[in-house]
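Before any comments, here is the structure.
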Amino acid sequence: MTEEKTIFKRIIDKEIPAKIVYEDDLCLAFHDVSPQAPVHVLIIPKTTELRSLDDVAPKDEALIGHIFVVIQRLARELGIAENGYRVVSNCGVNACQTVPHLHFHLIGGRGFSWPPG
Ligand code: AMP
């Protein structure tokens, strides 16, 4: 049985539109459709192997490192690096993950509180 594509895989395959801000062979970054801050971008690996951070294995070290270098560059390009930003990866039910494709939220442009809700 073939698993149904997630919404993010459909964005990767350009089946549905997204406001893409960065793309390379390994990852894709696009604006979140429901932004929680003035800047809210999602960065995702193109592989569908990783449903969440919990699936990441030692073989993925280079990919995850690459994604974080991209996140840092995007934060600078999107003008949120100077005042600070937050990177979030919701993993599993308790963290309210809704899309089963590993993703990192890059949010900034306003102050955040801690602890998170
Ligand atoms: P999470 O709750 O951590 O799984 O995050 C999923 C995120 O994907 C949410 O912030 C949604 O607003 C976002 N999202 C869902 N569908 C789309 C879409 N078609 N384009 C952009 N962002 C989306």
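In each ligand, atom 1 is the first atom listed, and ligand 1 is the first ligand listed.
Of the candidates Val33, Asp32, Val41, Val33 brings a heavy atom nearest to atom 15 (C) of ligand 1.
Between Leu53 and Phe104 the shortest heavy-atom distance is CD1-CZ, 4.0 Å.
For ligand 1, the atoms lying closer than 4.0 Å to a non-hydrogen atom of Ser34 are 12 (O). Close approach of ligand 1 to Gln97 is summarised as follows: ligand atoms under 4.0 Å from at least one heavy atom of the residue are 4 (O). Set against the non-hydrogen atoms of Thr98, the atoms of ligand 1 under 4.0 Å away are 1 (P), 2 (O), 4 (O), 5 (O), 6 (C). Interface of Ile11 with ligand 1, defined as ligand atoms under 4.0 Å from a residue heavy atom, comprises 18 (C), 19 (N), 20 (N). Every atom of ligand 1 with a heavy atom of Cys96 under 4.0 Å away is listed here by number and element: 2 (O). Listed by number with element, the atoms of ligand 1 under 4.0 Å from a non-hydrogen atom of Val99 are 4 (O), 6 (C). Close contacts of ligand 1 with Phe8, meaning ligand atoms under 4.0 Å from a residue heavy atom, involve 8 (O).
Looking at Val88 against ligand 1, nothing comes within 4.0 Å, counting heavy atoms. Contacts with ligand 1 closer than 4.0 Å are made by no heavy atom of Phe104, backbone or side chain. Within the 4.0 Å heavy-atom criterion, the part of His31 lying near ligand 1 is the backbone and not the side chain.
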Verify ring pair (Phe, Tyr, Trp, His ring centres under 6.0 Å) between Tyr22 and Phe30, making sure each step is shown before the conclusion.
CA-CA 7 Å; Tyr22 178 82; Phe30 50 94; over 10 Å; no
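When atom types are taken as modelled, the side chain of Asp60 and the backbone of Val56 share no donor-acceptor pair closer than 3.5 angstrom. Using a distance-only test at 3.5 Å, with no hydrogens or angles considered, a donor-acceptor pair links the side chain of Asp24 to the main chain of Leu26. Within the 3.5 Å criterion, the main-chain N or O of Gly84 finds no donor-acceptor partner in the side chain of Glu82.
Residue-environment remark: NZ (Lys19) stays at or below the threshold of 12 foreign heavy atoms within 6.0 Å. The 12-atom threshold is exceeded at CG of Asp55, counting heavy atoms of other residues, nucleotides or ligands nearer than 6.0 Å.
Ligand 1 has an N or O atom lying under 3.5 Å from an N or O atom of His105, backbone or side chain. Between His103 and ligand 1, at least one N/O pair is under 3.5 Å apart. Residue Leu42 has no nitrogen or oxygen atom sitting less than 3.5 Å from a nitrogen or oxygen atom of ligand 1, judged on distance alone.
Taking a 4.5 Å side-chain heavy-atom cut-off between Ile, Leu, Val, Met, Phe, Trp and Tyr, the cluster of Trp114 contains only that residue.
In this structure, His40 and His105 have tilted ring planes: the angle between them lies in the 30° to 60° band.
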